[in-house]
Amino acid sequence: QLQLVESGGGLVQPGGSLRLSCAAPGFTLDYYDIGWFRQAPGKEREGVSYVSASGDNTKYTDFVKERFTISRDSAKNTVYLQMNSLKPEDTGIYYCAASYFYSKYDRLDGRHYDYWGQGTQVTVSS
């Protein structure tokens, strides 16, 4: 069973940066679409970004465009989410998710994904 492990969260001041990592010990992520999602306190989970298995396609939700960058490093078997110019409203638990099969769902829709990590907390506050 594929297990995803997120890391890199923490407390950062507004305007700061963090880089989140998503790894799968013992498995290769090369064949999976990877998505990043977040859930703020009292809110529903929302899609943040996605990268295709090939790495050729990416997608971002509007509120992180120009600030966040998703990338994958096959040699390290890791997918990253570089987050710059962080805002207090970016606070939440960030999850990575993986999908092996094609689905009809938008790639920022959680229903596309079969495997989920436990999440990493990101807090943006002065």
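Note that the structure is predicted; figures quoted are calculated from it, not measured.
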Criterion side chain to side chain donor-acceptor pair (under 3.5 Å) on Ser52 and Asp33, from CA distance to verdict
CA-CA 4 Å; Ser52 63; Asp33 290 346; 5.2 Å; no
Taking all non-hydrogen atoms of both residues, which atom of Asn84 and which atom of Ser17 are closest, and how far apart?
OD1-OG, 2.9 Å
Quick check for you: to the nearest 0.5 Å, what is the distance between Cys96 atom SG and Ile70 atom CD1?
9.5 Å
Below 4.5 Å, heavy atoms only, C-beta onward: do Ser49 and Phe68 meet side chain to side chain?
no
Gln118 backbone acceptor or donor facing Glu6 side chain under 3.5 Å:
yes
Can you hop from Tyr115 to Leu20 via hydrophobic side chains spaced under 4.5 Å?
yes
Would you kindly confirm whether Val51 and Met83 end up in one hydrophobic cluster when ILVMFWY residues are joined by side chain heavy atoms under 4.5 Å apart?
yes
Less than 4.5 Å apart, side chain to side chain, heavy atoms only: is that true for Pro88 and Ser125?
no
Aromatic ring pairing Tyr113/Phe37, orientation class (parallel under 30°, perpendicular over 60°, tilted between):
perpendicular
Do Asp106 and Lys59 make a side-chain contact, defined as non-hydrogen atoms from C-beta onward lying under 4.5 Å apart?
yes
Under the 3.5 angstrom rule, does the side chain of Ser85 hit a backbone N or O of Gly15 as a donor-acceptor pair?
no
Could you state the interatomic distance from CG (Asp30) to CZ (Arg72), rounded to the nearest 0.5 Å?
6.5 Å
Find out if a path of hydrophobic residues (ILVMFWY) with successive side-chain heavy-atom gaps under 4.5 Å connects Val5 to Leu81.
no
Measuring from atom CZ of Phe101 to atom CG of Asp114, what distance do you get when rounded to the nearest 0.5 angstrom?
7.5 Å
Give the C-alpha distance, both sets of side-chain angles, the deciding distance and a yes or no for side chain to side chain contact (heavy atoms under 4.5 Å, CB included) between Gln1 and Phe27.
CA-CA 9 Å; Gln1 175 93 6; Phe27 289 84; 5.6 Å; no
If the test is side-chain contact (heavy atoms from CB on, under 4.5 Å), which one of Thr58, Asp109, Leu108 qualifies with Tyr50?
Leu108
If you look at every heavy atom in Trp36 and Cys22, which pair is closest and at what distance?
CZ2-CB, 3.6 Å
Can you see which heavy atom on Gly119 is nearest to which on Ile93, and at what distance?
CA-CG2, 3.8 Å
On a heavy-atom basis, which atom in Gly110 and which in Trp116 lie closest, and how many Å separate them?
O-CZ2, 3.6 Å
Thinking salt bridges, do Asp90 and Lys87 make one under a 4.0 Å N-O criterion?
no
Find out if a path of hydrophobic residues (ILVMFWY) with successive side-chain heavy-atom gaps under 4.5 Å connects Leu18 to Tyr80.
no
Between Leu29 and the options Thr78, Asn77, Asp73, the side-chain contact (heavy atoms from CB on, under 4.5 Å) test singles out Asn77
Are a donor atom and an acceptor atom from the side chains of Arg38 and Tyr94 found within less than 3.5 Å of each other?
yes
Quick check: are there more than 12 heavy atoms from other residues, nucleotides or ligands sitting under 6.0 Å from OH of Tyr31?
no
Examine Val122 and Leu4 and state if one hydrophobic cluster contains both, with Ile, Leu, Val, Met, Phe, Trp and Tyr joined whenever side-chain heavy atoms are less than 4.5 Å apart.
yes
Determine whether more than 12 heavy atoms belonging to other residues, nucleotides or ligands lie under 6.0 Å from atom CD of Gln39.
yes
Just how far is it from atom OH of Tyr105 to atom OG of Ser99, taken to the nearest 0.5 Å?
11.5 Å
Quick check on Glu44: does its CD atom have over 12 non-hydrogen neighbours (other residues, nucleotides or ligands) under 6.0 Å away?
no
